[in-house]
**Q** 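The following block contains the structure, expressed as structure tokens.
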Amino acid sequence: MADPIPAISVKRLCKEFDGHEVLRDIDLDIPAGTTTCILGPSGSGKSTFLRCLNWLEIPSSGAVFLDGRRVGGETNAAGKVTVNRRELAETRAKIGMVFQHFALWRHLTVLQNVTEAPIQVLKRPRQDVETQAMAILEQVGLADKAHVYPHALSGGQKQRVAISRALAMKPKVILFDEPTSALDPEMVGEVLAVMRSLAKGGMTQVIVTHEMAFARDVSDTVVFMDGGQIREVAPAKEFFAAPKTERARRFLS
Amino acid sequence: MNGVSILWESRELFLQGALDTLTLVLGCLVLSLPLSILGAVLMNESGPSLKRALRELFDFLRCVPFLLLAYVIYYGLPELGVRLPPWWAGLVSLTLYNAAYLVEIFRAAFNGIDRDNIEAAQAFGFSRLQTYRRVILPQAVITAAPLIGNQTITAMRDSAFLMIITVQELTFTANFVSANHFSPFAPFAMAVGLYWLMSVSIEWVVGRMGIIRRSRYG
Ligand SMILES: Nc1ncnc2c1ncn2[C@@H]1O[C@H](COP(=O)(O)OP(=O)(O)OP(=O)(O)O)[C@@H](O)[C@H]1O
Ligand SMILES: [Mg+2]
């Protein structure tokens, strides 16, 4: 039997900013239903890589596939990008994203934050979406905050709303860029708990994080990046027990 | 006849004058808000040459004294074959002038919006138009409300100049009453009081919006 199509497949992805190469020749397959943690020192290109997956950052060359379908458009040799905006938006709607600083829409209540994209982008009926959104908020323990504005929430609560907002789109995969780095230490746990339960539930997650214990215990795969390249891809247990590369060993110690 | 009785006798004229001024200002707001939003969006989205042309246009409008703009529109348009009654010529001048300032206010408000709020919209598959409609504009209007309020008060003050092109508004009324009764002080003091009252009302509305905004945004 042939391997199933990976949820995300990255082929020879490169990204440069003004001639400065930030990602070099990245190849990676992320199987559906798995949780992948991306580790690496600061400046190694983790955020840039994550943002290339939904084309928030336009790759200089290479390609990203979601369920076998190409994300974004074509970049030719001269660096000229052709992109079908409507298609890109449709693809993005299938990729959830959770930002380091939450990025909640500040003019909308918690419930509106969660229902906004399904109603506006997926054109689903408001009634349905609201019912589903309340169920999600219940699940992350924030049903009582549904009608509050984001500024009145703690960091941990904001990030749980941000995750709910992503979940409401019923995405194929959710990207997290350091979802707990902006949180006070006592709030990290509540957010990681949500991600842990998503992992158990079979959600495909790609998580840039510095939470080593979480990466070791929850993720299926660890991707170690350094200097804009992937240096090591390994099952989480293996990576932490015995990293194969010298850089990873130094990073872990 | 003393000042008080002059005012009492002309009370309906003054009420009408104040209403006319309010109508002018409201009409100006209703027209210049969408116009300036469109201008600000165009400036944000257009290529360098159109952007430059728009900037020149708005800068030009802003540096013309309002009275002269009103003159040019009132006396100049007929030369081009467009004859507008004074009231409409006044409204057009007021709208153009006000919009040129509002464009700057909206542009600043657009720039002040958290990048990540816009990026989140993109990441969730919003089109450019949806991003404006659902994220950028609502936030811009909320943050710009106090400045829009101030600008509205300025537009109201500018509207007094329209008397010169015979638009019947509050200053026109005061002038009319004072000429009829050979008594300048009371009618003009009355007009000043009414302008003050209307400004205070606009400020009150803006203040209420500020309270709502703070309760939501912190
Ligand atoms: N918009 C940009 N313009 C220019 N250079 C950029 C831009 N974004 C990132 N870079 C550069 O790309 C490199 C990788 O940045 P990136 O943010 O992806 O690293 P990171 O691994 O996420 O780091 P951190 O752990 O600090 O978040 C850095 O050298 C950074 O300065
Ligand atoms: Mg980063």
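Below, chain A is the first sequence line, B the second, and so on; all start at residue 1. The shown structure was predicted, so the numbers you read here are calculated from the model rather than taken from an experiment.
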**Q** Can you tell me which portion of D114(B) sits under 4.5 Å from chain A's heavy atoms? Options are side chain, backbone, both or neither.
**A** side chain
**Q** Does E186(A) CD have over 12 foreign heavy atoms under 6.0 Å away?
**A** yes
**Q** At a heavy-atom separation under 4.5 Å, does R115(B) approach chain A through its side chain, its backbone, both, or neither?
**A** neither
**Q** Write out all pairs satisfying salt bridge (Lys or Arg N to Asp or Glu O under 4.0 Å) with one or both partners inside residues 82-108 of chain A, taking only residues at least two apart or from two chains.
**A** R86(A)-E90(A)
**Q** Mind checking side-chain contact (heavy atoms from CB on, under 4.5 Å) for A144(B) and listing every partner two or more places apart, or none if nothing turns up?
**A** I105(B), A109(B), I148(B)
**Q** Below 4.5 Å from any heavy atom of chain B, which atoms of A152(A) appear? Answer side chain, backbone, both or neither.
**A** neither
**Q** Can you give the donor-acceptor pairs under 3.5 Å from side chains of residues 193-200 of chain B to other protein atoms, not counting sequence neighbours?
**A**
residue	atom	partner	partner atom	Å
Y195(B)	OH	E169(B)	OE1	3.2
Y195(B)	OH	T171(B)	OG1	2.7
S199(B)	OG	Y195(B)	O	3.0

**Q** Considering only heavy atoms, which portion of R213(B) lies under 4.5 Å from any heavy atom of chain A: side chain, backbone, both, or neither?
**A** neither
**Q** Please determine, among T109(A), L88(A), L104(A), the option with the most heavy-atom pairs under 4.5 Å with chain B.
**A** L104(A)
**Q** If every non-hydrogen atom of F99(A) is compared with every non-hydrogen atom of A123(B), which pair is closest and at what distance?
**A** CZ-CB, 4.1 Å
**Q** Could you label the plane-to-plane angle of the F126(B) and W105(A) rings as parallel, tilted or perpendicular, counting under 30° as parallel and over 60° as perpendicular?
**A** tilted
**Q** Can you check whether R134(B)'s main-chain N or O pairs, donor with acceptor, with H107(A)'s side chain at less than 3.5 Å?
**A** yes
**Q** Just to be sure I understand the criterion: a residue of residues 120-150 of chain A counts if one of its heavy atoms is under 4.5 Å from a heavy atom of chain B. Which ones qualify?
**A** Q120(A), V121(A), K123(A), Y149(A)
**Q** Given heavy-atom pairs under 4.5 angstrom as the criterion, report whether the side chain, backbone, both or neither of I95(A) touches chain B.
**A** backbone
**Q** Could you tell me whether R83(B) atom CZ has more than 12 heavy atoms of other residues or ligands within 6.0 Å of it?
**A** no
**Q** Around atom CZ of F176(B), are there more than 12 heavy atoms of other residues, nucleotides or ligands at under 6.0 Å?
**A** no
**Q** Which atoms of M169(A) are under 4.5 Å from chain B, going by heavy atoms: the side chain, the backbone, both sets, or neither?
**A** side chain
**Q** Less than 4.5 Å apart, side chain to side chain, heavy atoms only: is that true for E119(B) and M97(A)?
**A** no
**Q** Write down the atom of A166(A), the atom of F124(B), and the distance for their closest heavy-atom approach.
**A** CA-CE2, 3.7 Å
**Q** Which residue out of L108(A), N54(A), L56(A) racks up the most heavy-atom pairs below 4.5 Å with chain B?
**A** L56(A)
**Q** Less than 4.5 Å to any heavy atom of chain A: does that hold for the side chain of Q130(B), its backbone, both, or neither?
**A** side chain
**Q** Treating H151(A) as the side-chain partner and R216(B) as the backbone partner, does any N or O pair qualify as donor plus acceptor under 3.5 Å?
**A** yes
**Q** Which pair of heavy atoms, one from A103(A) and one from A120(B), lies closest together, and at what distance?
**A** O-CB, 3.7 Å
**Q** Counting heavy atoms not belonging to W87(B), are there more than 12 under 6.0 Å from its CH2?
**A** yes
